[in-house]
Amino acid sequence: MRYDDWPSRLHGYVESQQDAKFAYGRFDCGLFAAGCIEAMTGEDFASDLRGYTSGCQAREVCKRLCGSASIPNLAEYIAARHNLKAVPILHAQRGDLAIVKDRRFGIVALNGTEVMVPGRIGVLRFPLTDATKVYRI
C-alpha cells in the first residue's frame with residue numbers, strides 16, 4: 001500500500017506545509033492527514049470530503065457521510081471505506097492515522113513518538129499518548 005520511499009515522501013509533504021495557515025477546506029486536520037496519506041500511498045482518502053470552505057460546511061459534510069459531526073465517527077467511516085484496522089495506541093507506527101483527543105486527525109510522526117496535526121500556522125506535534133485512536137496505514 002505504501003510507496004517504498006514513503007518516509008521521504010511523508011517528510012517532504014510535511015515540510016511543504018510548515019508555513020501553511022489553517023483554513024477549512026485547504027489546511028485543516030482532515031485534509032492534512034489525507035495529504036500525508038496520499039504522499040505515502042498515492043490514495044486520496046478525502047476525495048468525498050472536499051469542497052467545504054468553512055467549519056460549518058465541514059460539519060455538514062461530516063454529518064452527511066457518517067451521521068454526526070464528530071471526528072471519531074468520521075474516522076470510523078474513513079476506516080471502513082479504506083479497510084483500515086484500529087491498533088492499540090502503543091502499537092502505532094510511523095505514518096499511521098491518529099485521532100488526537102477525539103478532536104483532530106493527525107499522522108504519527110517519523111520519530112514514532114508524536115502525532116503531527118495542523119496548527120494556526122504550520123504543523124504542530126502532540127505526544128503519541130494524546131492519541132485516542134490509531135489506524136494502520
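Keep in mind that what you see is a predicted model, and the values were worked out from it rather than measured. Residues take their numbers from the sequence shown, with the count starting at 1.
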**OP:** Could you tell me whether the side chains of Glu114 and Asn111 share a donor-acceptor contact shorter than 3.5 Å?
**Re:** yes
Original post:
Hey, what do you get for OG (Ser8) to CD (Glu15), rounding to the nearest 0.5 Å?
Top reply: 12.0 Å
Subject >> NZ or CZ of Arg9 within 45° of Tyr3 ring axis and under 6.0 Å >> reply: yes
Original post:
So, for Val100 and Phe126, which heavy atoms are closest and what is the spacing to 0.1 Å?
Top reply: CG1-CG, 4.0 Å
**OP:** Side-chain contact test, heavy atoms from C-beta onward, threshold under 4.5 Å: evaluate it for Trp6 versus Leu110 and give yes or no.
**Re:** yes
Subject >> side-chain contact (heavy atoms from CB on, under 4.5 Å) between Gln57 and Val61, intermediate numbers included >> reply: CA-CA 6 Å; Gln57 290 174 351; Val61 168; 5.6 Å; no
Original post:
According to a 4.5 Å side-chain heavy-atom criterion applied to Ile, Leu, Val, Met, Phe, Trp and Tyr, with indirect links allowed, do Leu65 and Leu97 form part of one hydrophobic cluster?
Top reply: yes
Subject >> Minimum side-chain heavy-atom gap Val14-Cys36 below 4.5 Å >> reply: yes
Original post:
Looking only at atom types and distance, does a side-chain atom of Thr132 sit under 3.5 Å from a main-chain N or O of Asp102, one as donor and one as acceptor?
Top reply: yes
Original post:
Which value, rounded to the nearest 0.5 Å, describes the distance between Leu74 atom CG and Phe105 atom CZ?
Top reply: 4.0 Å
Subject >> Nearest-0.5 Å distance that lies between atom CD in Gln17 and atom CZ in Arg26 >> reply: 11.0 Å
Original post:
Phe45 vs His82 aromatic rings, parallel, tilted or perpendicular, using cut-offs 30° and 60°?
Top reply: parallel
Subject >> Atom pair OG1/CE of Thr41 and Met1 - distance to nearest 0.5 Å >> reply: 5.5 Å
**OP:** Flag the pair Phe32 / Tyr13 as yes when at least one side-chain heavy-atom distance between them is below 4.5 Å, and no otherwise.
**Re:** yes
Original post:
Hey, does the side chain of Arg104 reach the backbone of Val117 with a donor-acceptor pair shorter than 3.5 angstrom?
Top reply: no
Subject >> Separation between CZ of Arg103 and SG of Cys29, rounded to the nearest 0.5 Å >> reply: 10.0 Å
Subject >> Considering all heavy atoms, the nearest Gly119-Phe22 contact >> reply: O-CB, 3.4 Å
Subject >> Donor-acceptor pair, side chain of Glu38 and main chain of Ala34, under 3.5 angstrom >> reply: no
Subject >> Lys/Arg N to Asp/Glu carboxylate O, Arg2 vs Asp96, below 4.0 Å >> reply: yes
Original post:
With the 4.5 Å side-chain cut-off for hydrophobic clustering, are Met116 and Ile99 part of the same group?
Top reply: yes
**OP:** Grab the two heavy atoms, one from Cys62 and one from Ala69, that are nearest each other, plus how far apart they are.
**Re:** SG-CA, 3.7 Å
Original post:
Please walk me through it: do Val123 and Gln18 pass side-chain contact (heavy atoms from CB on, under 4.5 Å)?
Top reply: CA-CA 6 Å; Val123 179; Gln18 286 300 335; 3.9 Å; yes
**OP:** Only one of Ile107, Leu10, Ile78 passes side-chain contact (heavy atoms from CB on, under 4.5 Å) with Ile37; say which it is.
**Re:** Ile107
Subject >> Validation row: Arg136, Leu84 side chains within 4.5 angstrom (heavy atoms) >> reply: no
**OP:** Over all heavy atoms of both residues, which pair between Cys66 and Tyr77 is shortest? Give the atoms and the distance, please.
**Re:** CB-CB, 3.9 Å
Subject >> Pairwise side-chain contact, Ile137 with Met40, heavy-atom cut-off 4.5 Å (strictly under) >> reply: yes
Original post:
Is a side-chain donor or acceptor of Asp28 paired with a backbone partner of Leu31 at a separation under 3.5 angstrom?
Top reply: yes
Original post:
So do the side chains of Val108 and Leu128 get within less than 4.5 Å of each other, counting heavy atoms only?
Top reply: yes
Original post:
Does a side-chain heavy-atom distance below 4.5 Å link Ile89 with Thr129?
Top reply: no
**OP:** Give a yes or no on whether a salt bridge exists between Asp48 and Arg81, defined as a side-chain N under 4.0 angstrom from a carboxylate O.
**Re:** yes
**OP:** For Ala98 and Val134, work out which heavy atoms get closest and say how close.
**Re:** CB-CG2, 4.1 Å
**OP:** Return yes when atom CZ of Arg64 has more than 12 non-hydrogen atoms of other residues, nucleotides or ligands closer than 6.0 Å, and no otherwise.
**Re:** yes
**OP:** Please check if atom CZ in Arg50 has more than 12 non-hydrogen atoms from other residues, nucleotides or ligands closer than 6.0 Å.
**Re:** yes
